[in-house]
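For clarity, every value in this text was computed on a predicted model and none was experimentally measured. Just so you know, ligand 1 is whichever comes first in the structure, and atom 1 is the first atom listed for that ligand.
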Amino acid sequence: MSLSIVDQNKLDAFWAYCVKNQYFNIGYPESADFDYTMIERFMRFSINNCGDWGEYCNYLLNSFDFEKEVMEYFSTIFKIPFEESWGYVTNGGTESNMFGCYLGRELFPNGTLYYSKDTHYSVAKIVKLLRIKSKLVESQPNGEMDYDDLIKKITLSGESNPIIFANIGTTVRGAIDNITEIQNRIAAIGIPRDNYYLHADAALSGMILPFVEDPQPFTFADGIDSIGVSGHKMIGSPIPCGIVVAKKNNVDRISVEIDYIAAHDKTISGSRNGHTPLMMWAAVRSHSEAEWRRRIGHSLIMAKYAVDRFNAAGIDALCHKNSITVVFPKPSEWVWKKHCLAISGDVAHLITTAHHLDSSQIDELIDDVIADKNQRAA
Ligand SMILES: Cc1ncc(COP(=O)(O)O)c(C=O)c1O
């Protein structure tokens with residue numbers, strides 16, 4: 001295969017653009033400091049993980065062995081015995097959440113999904129795709145779910161099988177819903193534990209909380225039924241991907257036998273990426289627990305540094321416990337465009353992902369926010 005000179009030049013220009021902007025990201029949660037050179041050679045193969053990594057599949061070029069070890073790893077850090085769990089490497093946090101909601105709906109076909117106003121926008125889309133009944137729950141000002149409103153809405157609708165979508169780190173504010181509070185409140189209105197489903201969306205924080213000293217409750221040991229995490233966020237990967245972990249006995253209920261691949265199918269897509277499980281495998285195999293702790297500890301220190309700098313300049317900034325998302329008032333357009341910030345309503349945030357080795361990029365942004373504040377005050 002060869003390209004025309006024009007096309008080759010176009011590719012070369014894109015390469016230069018990517019190299020220049022590799023570490024641009026301060027507004028979104030994708031770490032850019034990954035190194036997967038050890039698996040680059042597999043890009044020449046059409047690896048396809050259709051079906052279940054736990055079974056024989058007629059499509060020989062699969063990376064099931066690696067996917068299995070990835071799932072062993074995540075079952076350990078999310079505190080569920082491996083043999084009682086099942087999950088897979090998805091196309092991203094959205095598919096992971098969709099899988100969790102799908103399981104909840106299959107378990108409770110008449111159940112309503114309750115999710116807070118601070119939930120990621122993709123969940124409204126999942127609700128439509130799954131044609132699942134849903135109710136939007138108010139959020140507290142800090143981004144956490146409003147538990148009073150949750151219970152009021154469950155009670156008013158006479159719901160007996162609620163499906164709860166809990167945020168373990170909201171997109172904009174990094175707020176963590178208190179799943180102990182949720183479970184206690186639901187128990188208090190007389191709904192037994194077996195009668196509702198609890199999914200945890202831990203897109204970013206799923207790879208933070210297992211490595212901090214005092215994590216908020218978020219695991220299977222704390223009562224969840226499934227959890228989704230993005231692979232391209234805290235871990236980092238060149239191709240978006242995610243991980244979902246659920247309880248095996250719930251997953252078995254949605255499994256169907258497919259003669260075409262001579263295997264059972266439980267996943268949302270048919271053909272599945274075989275390279276991203278390799279990447280996730282390389283990531284978890286090449287970092288010890290101490291290294292994850294160091295990497296995440298550094299990001300948390302950078303977040304605190306940013307909050308302190310904002311506050312010292314008289315700018316209100318907030319960062320939840322164990323979060324690397326720093327929220328501050330939305331600056332003028334020139335600032336958020338220059339730094340490619342994510343904005344929502346009257347706030348913006350910066351996220352101190354792992355490639356922020358020093359504070360230079362954070363300082364550059366904060367300097368502009370302060371200059372903007374002074375300009376507006378003048
Ligand atoms: C809290 C939360 N959930 C879900 C998602 C969607 O994840 P993905 O982009 O990996 O599909 C995001 C993405 O930012 C998120 O912040």
Side-chain angles (χ1 to χ4, degrees), residues 25-32 34 70 74 78 87-102 104 113-130 134 136-137 139 142-145 164-179 198-209 216 218 224 226-245 267-269 272-273 276-277 279-280 283 299 303 319-320 322-327 340-345 347-354:
N25 194 3
I26 193 166
Y28 294 89
E30 281 77 11
S31 300
F34 49 82
V70 170
F74 282 96
F78 295 152
Y88 67 102
V89 178
T90 63
N91 285 310
T94 303
E95 185 184 338
S96 302
N97 288 336
M98 186 166 183
F99 188 78
C101 295
Y102 175 42
L113 184 84
Y114 293 83
Y115 63 104
S116 83
K117 282 189 169 164
D118 275 50
T119 299
H120 190 255
Y121 67 87
S122 59
V123 176
K125 203 160 44 174
I126 291 170
V127 161
K128 276 194 196 160
L129 287 166
L130 290 175
S134 69
L136 202 55
V137 177
S139 294
N142 72 357
E144 250 180 89
M145 180 182 272
I164 312 294
F165 189 98
N167 287 305
I168 304 300
T170 59
T171 308
V172 175
R173 291 184 168 78
I176 296 183
D177 292 339
N178 186 335
I179 60 166
L198 179 56
H199 175 76
D201 175 6
L204 173 63
S205 301
M207 206 51 199
I208 297 177
L209 295 180
Q216 291 90 331
F218 77 105
I224 60 163
S226 51
I227 183 165
V229 57
S230 297
H232 53 106
K233 293 198 168 112
M234 199 62 211
I235 300 170
S237 95
I239 302 174
C241 62
I243 293 101
V244 64
V245 186
T267 58
I268 287 179
S269 44
R272 292 196 299 116
N273 196 320
T276 48
M279 287 168 195
M280 291 299 99
S299 291
C319 179
H320 286 284
N322 294 329
S323 172
I324 61 168
T325 303
V326 177
V327 188
C340 305
L341 297 183
I343 51 158
S344 174
V347 295
H349 67 205
L350 68 88
I351 305 188
T352 54
T353 38

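Of the protein's heavy atoms, T171 OG1, 3.3 Å lies nearest to atom 15 (C) of ligand 1. With hydrogens left out, the protein atom closest to atom 7 (O) of ligand 1 is K233 NZ, 3.1 Å, a heavy atom.
Checking side-chain atoms of T170 against main-chain N and O of G174 turns up a donor-acceptor pair under 3.5 Å. A donor-acceptor pair is defined here as one N or O able to donate and one able to accept, closer than 3.5 Å; no such pair exists between the side chain of N97 and the backbone of D201. When atom types are taken as modelled, the side chain of H349 and the backbone of G27 share a donor-acceptor pair closer than 3.5 angstrom. T90 places a side-chain N or O within 3.5 Å of a backbone atom of G242 that can act as its donor or acceptor partner. No donor-acceptor distance shorter than 3.5 angstrom exists from the side chain of S116 to the backbone of S139, with no hydrogens or angles considered. S230 places no side-chain N or O within donor-acceptor distance of the main-chain N or O of H232, the cut-off being under 3.5 Å. Checked by atom type and distance alone, the side chain of S31 pairs as donor or acceptor with a backbone atom of M234 at under 3.5 Å.
Proximity of D201 to ligand 1, defined as any heavy-atom pair under 4.0 Å, is confined to the side chain (atoms from C-beta onward). The proximity of H232 to ligand 1, defined as any non-hydrogen pair under 4.0 Å, is limited to the side chain.
Residue-ligand proximity: G169 is placed with a non-hydrogen atom under 4.0 Å from ligand 1. Using a 4.0 Å cutoff on heavy atoms, L204 does not count as a contact of ligand 1.
Per-residue contacts place S230 under 4.0 angstrom from the following atoms of ligand 1 (heavy atoms of the residue considered): 7 (O), 8 (P), 10 (O). Short contacts between ligand 1 and G92, defined as distances under 4.0 Å to a heavy atom of the residue, involve ligand atoms 10 (O), 11 (O). Ligand-side atoms of ligand 1 in range of G93: 7 (O), 8 (P), 10 (O), 11 (O), range being under 4.0 angstrom from any heavy atom.
Nearest to atom 6 (C) of ligand 1 by heavy-atom distance, out of T325, N167, T94, is T94.
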